[in-house]
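One structure is given below, encoded as structure tokens.
Below, chains carry the letters A, B, ... as their sequence lines are ordered, and counting in each starts from 1.
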Protein chains: 2
Amino acid sequence: MPASRATTLRDVALAAGVSIKTVSNVVNDHPHVRPAMRERVRAVIDELDYRPNGIGRQLRQGRTGLVALAVPNVTSPYYGELTSTLVTAARARGLTLLVEQTDGETEREREVAAGFPVRLVDGLVFVPLSMPVEELARRRDSTPAVLIGEHGDGSGIDRVTIDSVGVGELGTRHLLERGRRRIAFLGDKEPVRSPVVAQRVAGYEQALRAHGVPVDPRLAWVTPEWERSHGYEGTLTLLAAHPDVDAVFAANDLLAYGALHALRQLGRRVPEDVAVLGVDDVEQSRYTSPTLTSIALDRAVMADLALGLLVDRLAGVEGPPRLLTATHHLEVRESTAGTGRA
Amino acid sequence: MPASRATTLRDVALAAGVSIKTVSNVVNDHPHVRPAMRERVRAVIDELDYRPNGIGRQLRQGRTGLVALAVPNVTSPYYGELTSTLVTAARARGLTLLVEQTDGETEREREVAAGFPVRLVDGLVFVPLSMPVEELARRRDSTPAVLIGEHGDGSGIDRVTIDSVGVGELGTRHLLERGRRRIAFLGDKEPVRSPVVAQRVAGYEQALRAHGVPVDPRLAWVTPEWERSHGYEGTLTLLAAHPDVDAVFAANDLLAYGALHALRQLGRRVPEDVAVLGVDDVEQSRYTSPTLTSIALDRAVMADLALGLLVDRLAGVEGPPRLLTATHHLEVRESTAGTGRA
DNA sequence: AGGGTGCGTTCCAACGTTGTAAAGTCAACG
DNA sequence: CGTTGACTTTACAACGTTGGAACGCACCCT
């Protein structure tokens, strides 16, 4: 098959013996087209398999219907599921999602924030990981953007977030109620705590104090990232340094998987010896051994809220940056079962 | 900030006191622009934060640089990792990936095959799951496409595949060598075996015969899809019907996770009582309990091959459909360890 | 029968960009 | 000093589409 030029309005118009605009009117279901004419044109459209050229249309209308999603990666379950939800939610709103991966690298995130070198998308859904969001306040790119995630204030941009202090508090309280007293927080950051971590740790300490359990800052254990391997290695070193730890509050499910793996290797039973709790409630957590208790962040809600904010801006809504908070809740499973020792 | 119109070439030209084309020449690094002029224009570009409008450019050039990826979903680890690899590989080739999810539904896949209602992408990377690929031979859409996955012949389209018979044979042989004799194949399809399944089962039976082990067709166990939950339920019913099964060859890792979960619940030890083997070698498989032996399909190679085929077509290369086969290999882990009973 | 009405269709322009070709500038040379 | 030629810059058209205005026509009303 010779790569022949695609069918255009002109071809259809020529074949149907009408003007280009009439064909356009038929395609766009405009009124004031006589049924007979509509029929005739439609027939030719079908015959030639005409489909409008998106570029021409977009050029005329000044919008592309494309939204970029900039996310650390689509591989890890949490972002994968978030991406999936966003793809679907975007389609439901007539938008198409275009995926960009930053790997969480500050430099790549800065590039995304600065705007793509070629203007193509109408909006941006951004999940920055390492870059200070205050920088976003200074960005010159006028493309509407929404932030998803647990970031600090000062970005000057619409965002959807989670109550991170609440997450830290909820998880810790659950472990305390299960009788645990030496609760480690796995996934701290050095040298500077990002807002997410700072807030989660704050919630963690708040719950400890509320229960009259002393806060041991040495149990806030640092990992380079939040991948399975870091959870594995972090747990090995953590338990070597503090063998009396009876619960691990992992900053996300991946870290928790690594922790489970390490604990099994160390011969520690979960949950009898050490309870493990994650955050994100990824699908896999229903199938680990033992199944993982986790704090679920409602991704469908997040995706929908984020796109809602973005669509408003695309429609020209002005006003100060808005902040929405998605809900979270605890999914109790085997890894924190039982009454514990205390 | 008033949503002012974005800066265009005309604005820059006006501000710099030159013609539009000169600015265009500077932007595109064309020769024959005097250094002084280049400087002057660049300064204005920076000042106004001019970035070319992708649409205008694309309209002129007749291409968008966009490639659609149609995949069942980006949530499941295998497709997620494939998507991730493709996003990166596409970027390396100056293309941008746009994600479409079919959920593996035949109707959605047909729509993708028929071409998007609006012509926007230059090419398509397609991972059909349920639709008969022979239908693709009849598609009218002239957008170049590449298929990824284990499909039969007759699509008339470039594709990257895996030696599915080899996969079935390799996994089964491994289990046989570990002394297993009652090996179930988990993930068969009813009423019609797709090419993938048919080939894998063929390899499975071939290995059994080569070892002189009788083929018991009742051990090819049907699951509706290849999700964790189906692996879980399938394994429960499988072991109820055939308690003597000593190995489960799952069609993918997700099914295997479900199988591990079910076996643990049934009190069967893995691998002592029942060995489990998956396909895809997803990251998670290094962290399950026990860690999962799996057949790795080289996704990076697949992504690269697929984009290579596509880019050729975009460049106008003609010729009959091409077929490339990506490599696979066995990753042995705990779930098939030991010598078995026999 | 003439004029108005309203519908159906066509023409023109514009979206922002770049290829082509033409026009302009300048220096060096005869 | 004029011409040539090389190097810069500009004008124009076109990519495919759609909004708006203009045009044409049939029909109805008076």
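Among B:Leu69, B:Val71, B:Ile148, B:Val112, the single residue meeting the side-chain contact (heavy atoms from CB on, under 4.5 Å) criterion with B:Phe126 is B:Val112.
Atom NE2 of A:His32 is separated from atom P of C:dG8 by 7 Å (rounded to the nearest Å). With rounding to whole Å, B:Asn25 atom CG is found 8 Å from D:dT9 atom C1'. Straight-line distance from the CD1 atom of B:Ile20 to the C1' atom of D:dA13: 13 Å, rounded to whole Å. Distance CD1 (B:Ile55) to P (D:dT18): 13 Å, rounded to an integer number of Å. One atom, CG of A:Asp29, and another, C1' of D:dT17, lie 16 Å apart when rounded to the nearest Å. Atom CD of A:Gln61 is separated from atom P of D:dG20 by 12 Å (rounded to the nearest Å). To the nearest angstrom, P of D:dC15 lies 19 Å from CG of B:Leu9. Look at NZ on B:Lys21: it is 13 Å from P on C:dT17, rounded to the nearest Å.
Look at A:Arg299 and A:Asp280 and you find no salt bridge, because none of the NZ, NE, NH1 or NH2 atoms lies under 4.0 Å from a carboxylate O.
Candidate nucleotides C:dG16, C:dT10, D:dT9 were compared by shortest atom distance to the side chain of A:Thr22, and C:dT10 ranks first.
Nearest-nucleotide assignment on DNA chain D puts the 5′-proximal partner with B:Pro31, out of A:Tyr50 and B:Pro31. Checking A:Ser24 against B:Arg34, the closest nucleotide of DNA chain D that is more toward the 5' end is the one next to B:Arg34.
Using a 4.5 Å heavy-atom threshold, the side chains of A:Val301 and A:Leu305 count as touching.
Nucleic acid contact for A:Thr8: sugar-phosphate only, since backbone atoms but no base atoms lie under 4.0 Å from a heavy atom of the residue.
Side-chain atoms of A:Arg60 and base atoms of D:dT18 include a donor and an acceptor less than 3.5 Å apart.
Between the A:Thr96 side chain and the A:Leu66 main chain, no donor and acceptor come within less than 3.5 Å of each other.
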